[in-house]
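Working notes for the structure below.
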Amino acid sequence: MTMKKLTCVLALAGAFMSGNALAWGNDGHRAVGAIADQLLKGSAAQAKIGALLLPGETLESIANWPDCVKGTYCGPQSPEMLAYVAANPKHSEYHYTDIPFQNAHYHDGATGSAGDDIVQTLKQAISVLQGKSDAASNPHQFTPRQALILLTHLVGDIHQPLHVGAAYVAKDGRFVVPETQAQIDGLAIFDARGGNNLLLDDAQITALSDAVIPAPLPAEAGAVKPAAYPKSPTKPLHSYWDSTVVDYAMRRLSTRTPRQFAQTVIASKPDVPGNSGDPASWPYQWADASLAASKTAYAGVVAGPATQQTSRKGEVYYVWSLSVPSDYPVPSSALAKTQLINGGYHLAAVLQAIWP
């Protein structure tokens, strides 16, 4: 296909600004959990998982819990959620790391990493489920149930490319690689906030997808119609990767629900890369694989010059319009499918390694 470029324009300021980046969205996380649920049927790990879950809960049903505690958009918070938030004031930082997407590896102390980032939090969750509870291995004092919930969610997060590979941008739109944290100064090098400050023109990206992605299947009889919200003219790149590509991936497989997606991909017997060594080291391997995936996510993506905006709170920030390849929905949805599959299989594998 001809790789002509789509030039995107800026529109309303502040509508997309969010302090909490969500990875994969509801359906993506549920798909990762549903894959693991099916792969673990009849295993010793399934029995251990059942002992930590409440009646009726599954990995699929708890997969969005750590996002739901960030607000009330999943409904009122339970006492369990409120207690977790009170004990973990930095819980929103557990979901991502910000390694420049051009890099090949995550390592402790790397530019963009943090002591409470996704790799470190996953290490802690795995250690807790392995039976370790000392201050060094579990500084946040996660309970085994919390560790299982976090592991289920964060394995999904770490396979979302933009939750590991971060874009740092110069004012003129060049993607740059800061060598130290101090260089990310908001003057010469800017943190694009996981792609939240990189804007796609929603109408144009939708038009591109309509040309190459199958139409949605008709809703099932009795299905609850999702609430309609005013549509912004722009879509943050992060939002595109959270939910839009998951929708495209499911449409390309003619599936409506996360569970149907899980059944279809498992039946295809996918070739999933394995992990080696102590399971507590696997988050490093997943982060490196996600960095490689983020290079595909940013392939052919070009940012325009910075535009200054002011939030409702009076904070000044910058955004960049994006140009993407005309077939971008195809490789991005294919990558999303691969990452969701890998996430589900890796979640099942780490739980089986913990509880063989």
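Because only heavy atoms are used, hydrogens play no part in the values below, and waters and symmetry mates are left out as well, while side chains stay in.
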Item to check | side chain to side chain contact (heavy atoms under 4.5 Å, CB included) assessment of Q339 paired with Q160 | outcome: CA-CA 7 Å; Q339 292 300 100; Q160 205 271 48; over 6 Å; no
Close side-chain approach of L122 to L151, heavy-atom, < 4.5 Å = yes
Nearest heavy-atom approach of G277 to W282 is O-NE1, 3.2 Å
Is the closest side-chain heavy-atom distance between L198 and V169 below 4.5 Å? yes
Residues 207-219 vs salt bridge (charged side-chain N to carboxylate O under 4.0 Å, His left out), sequence neighbours excluded, gives none
Residue set satisfying salt bridge (charged side-chain N to carboxylate O under 4.0 Å, His left out) with D202, at least two apart, ordered chain then number -> K231, K235
* Could you tell me whether the side chain of R252 and the main chain of V330 form a donor-acceptor pair under 3.5 Å? => yes
*Do I184 and Y317 sit in the same hydrophobic cluster, where Ile, Leu, Val, Met, Phe, Trp and Tyr count as joined when their side-chain heavy atoms come under 4.5 Å apart?*
no
- [ ] Using only heavy-atom distances, determine whether the side chains of Y73 and D67 contain a donor-acceptor pair under 3.5 Å.
- [x] no
Next item on the list: Establish, from distance only, whether the side-chain atoms of N88 and Q146 form a donor-acceptor pair under 3.5 Å.
Entry: no
In short, salt bridge (charged side-chain N to carboxylate O under 4.0 Å, His left out) pairs touching residues 163-181 with sequence neighbours left out are D172-R174
Note, P66 side chain near Y94 side chain (heavy atom, < 4.5 Å): no
Does the pair L351 and L148 meet the rule for a side chain to side chain contact (heavy atoms under 4.5 Å, CB included), with working shown?
CA-CA 9 Å; L351 289 168; L148 176 62; 3.8 Å; yes
In short, disulfide bond (SG atoms under 2.5 Å apart) pairs touching residues 27-106 with sequence neighbours left out are C68-C74
The complete set of side-chain hydrogen bond (donor to acceptor under 3.5 Å, both in side chains) pairs with one or both residues in residues 266-277, sequence neighbours excluded, reads N275-Q285, N275-W286
To the nearest 0.5 Å, atom CE of M250 lies from atom OG1 of T255 at 4.5 Å
Sorted by chain and number, sequence neighbours left out, side-chain hydrogen bond (donor to acceptor under 3.5 Å, both in side chains) with R256 holds for none
Following the transitive rule for hydrophobic clusters with a side-chain heavy-atom cut-off under 4.5 Å over Ile, Leu, Val, Met, Phe, Trp and Tyr, establish whether I99 and Y168 coincide in one cluster. no
* Assess whether atom NZ of K337 is packed by more than 12 heavy atoms of other residues, nucleotides or ligands within 6.0 Å. => no
* Show the numbers, then the answer: is there a side chain to side chain contact (heavy atoms under 4.5 Å, CB included) between V265 and L253? => CA-CA 9 Å; V265 298; L253 288 179; 3.7 Å; yes
In short, salt bridge (charged side-chain N to carboxylate O under 4.0 Å, His left out) pairs touching residues 138-150 with sequence neighbours left out are E57-R145, E80-R145
Polar side-chain atom of H159 near backbone of V155 as donor-acceptor pair, under 3.5 Å | yes
Quiz item: Are H29 and N64 linked by a side-chain donor-acceptor pair shorter than 3.5 Å?
Solution: no
*Does the side chain to side chain contact (heavy atoms under 4.5 Å, CB included) test come out yes or no for Y84 and I149, once each step is laid out?*
CA-CA 11 Å; Y84 168 80; I149 291 172; over 6 Å; no
For F101, the ring pair (Phe, Tyr, Trp, His ring centres under 6.0 Å) test, sequence neighbours excluded, returns F175, Y298
Rounding to 0.5 Å, atoms CG (N197) and CG (L199) come to a distance of 7.5 Å
- [ ] Decide whether L59 and V272 are clustered together by the hydrophobic rule: side chain heavy atoms of Ile, Leu, Val, Met, Phe, Trp, Tyr closer than 4.5 Å, transitively.
- [x] yes
Residues 234-285 vs disulfide bond (SG atoms under 2.5 Å apart), sequence neighbours excluded, gives none
Verdict with reasoning, Y328 to Y240, per ring pair (Phe, Tyr, Trp, His ring centres under 6.0 Å) = CA-CA 11 Å; Y328 192 68; Y240 175 86; 5.6 Å; yes
In the structure I gave you, are the side-chain heavy atoms of P214 and S254 within less than 4.5 Å of one another anywhere? no
So CG of L322 and CD of Q204: to nearest 0.5 Å the spacing works out to 12.0 Å
Any donor-acceptor pair under 3.5 Å from N342 side chain to H346 backbone | no
*Within-4.5 Å side-chain heavy-atom neighbours: I205 and V324*: yes
Under 3.5 Å, side chain of T97 to main-chain N/O of V164, donor-acceptor pair present? no
### Message
Looking at A334, is its backbone amide N or carbonyl O close enough to the side chain of T338 to form a donor-acceptor pair, meaning the two atoms are under 3.5 Å apart?
### Response
yes
- request: Kindly work out whether a path of hydrophobic side-chain contacts (I/L/V/M/F/W/Y, heavy atoms less than 4.5 Å apart) joins V246 to I266.
  value: yes
key: Side-chain donor-acceptor contact under 3.5 Å, D278 with S281   = no
Can you check whether L40 reaches Q352 side chain to side chain, under 4.5 Å on heavy atoms? yes
Across all chains, not counting sequence neighbours, the ring pair (Phe, Tyr, Trp, His ring centres under 6.0 Å) partners of Y106 are Y284
Scanning both residues in full, the closest heavy-atom pair of S294 with G165 reads OG-CA, 3.7 Å
request  = Decide yes or no for Q38 and R259: does some side-chain heavy atom of the first lie under 4.5 Å from some side-chain heavy atom of the second?
outcome  = yes
The ring pair (Phe, Tyr, Trp, His ring centres under 6.0 Å) partners of F190 (sequence neighbours excluded) come to Y318, W320
Q) Do L154 and V85 belong to the same hydrophobic cluster, where Ile, Leu, Val, Met, Phe, Trp and Tyr are linked whenever their side-chain heavy atoms lie under 4.5 Å apart, directly or via other members? A) yes
Note, L129 side chain near W355 side chain (heavy atom, < 4.5 Å): yes
- May I ask you to decide if E315's main-chain N or O and S311's side chain share a donor-acceptor pair within less than 3.5 Å? yes
Distance col, row T121:OG1 vs K90:NZ, nearest 0.5 angstrom, shows 11.0 Å
Residue pairs meeting salt bridge (charged side-chain N to carboxylate O under 4.0 Å, His left out), one or both in residues 25-48, sequence neighbours left out, come to R30-E60
Per side chain to side chain donor-acceptor pair (under 3.5 Å), D116 is matched among H91, H95, H140, Q124 by H140
Minimal heavy-atom distance between S333 and A249, with the atoms involved, is O-CB, 3.7 Å
Distance col, row F261:CZ vs I35:CD1, nearest 0.5 angstrom, shows 5.5 Å
The reported gap from CD1 in I213 to CG in L208 (rounded to nearest 0.5 angstrom) is 10.0 Å
Nearest heavy-atom contact between A353 and P356 is O-CD, 3.7 Å
Does any N or O in the side chain of T72 come within less than 3.5 Å of the main-chain N or O of G75, such that one atom is a donor and the other an acceptor?
no
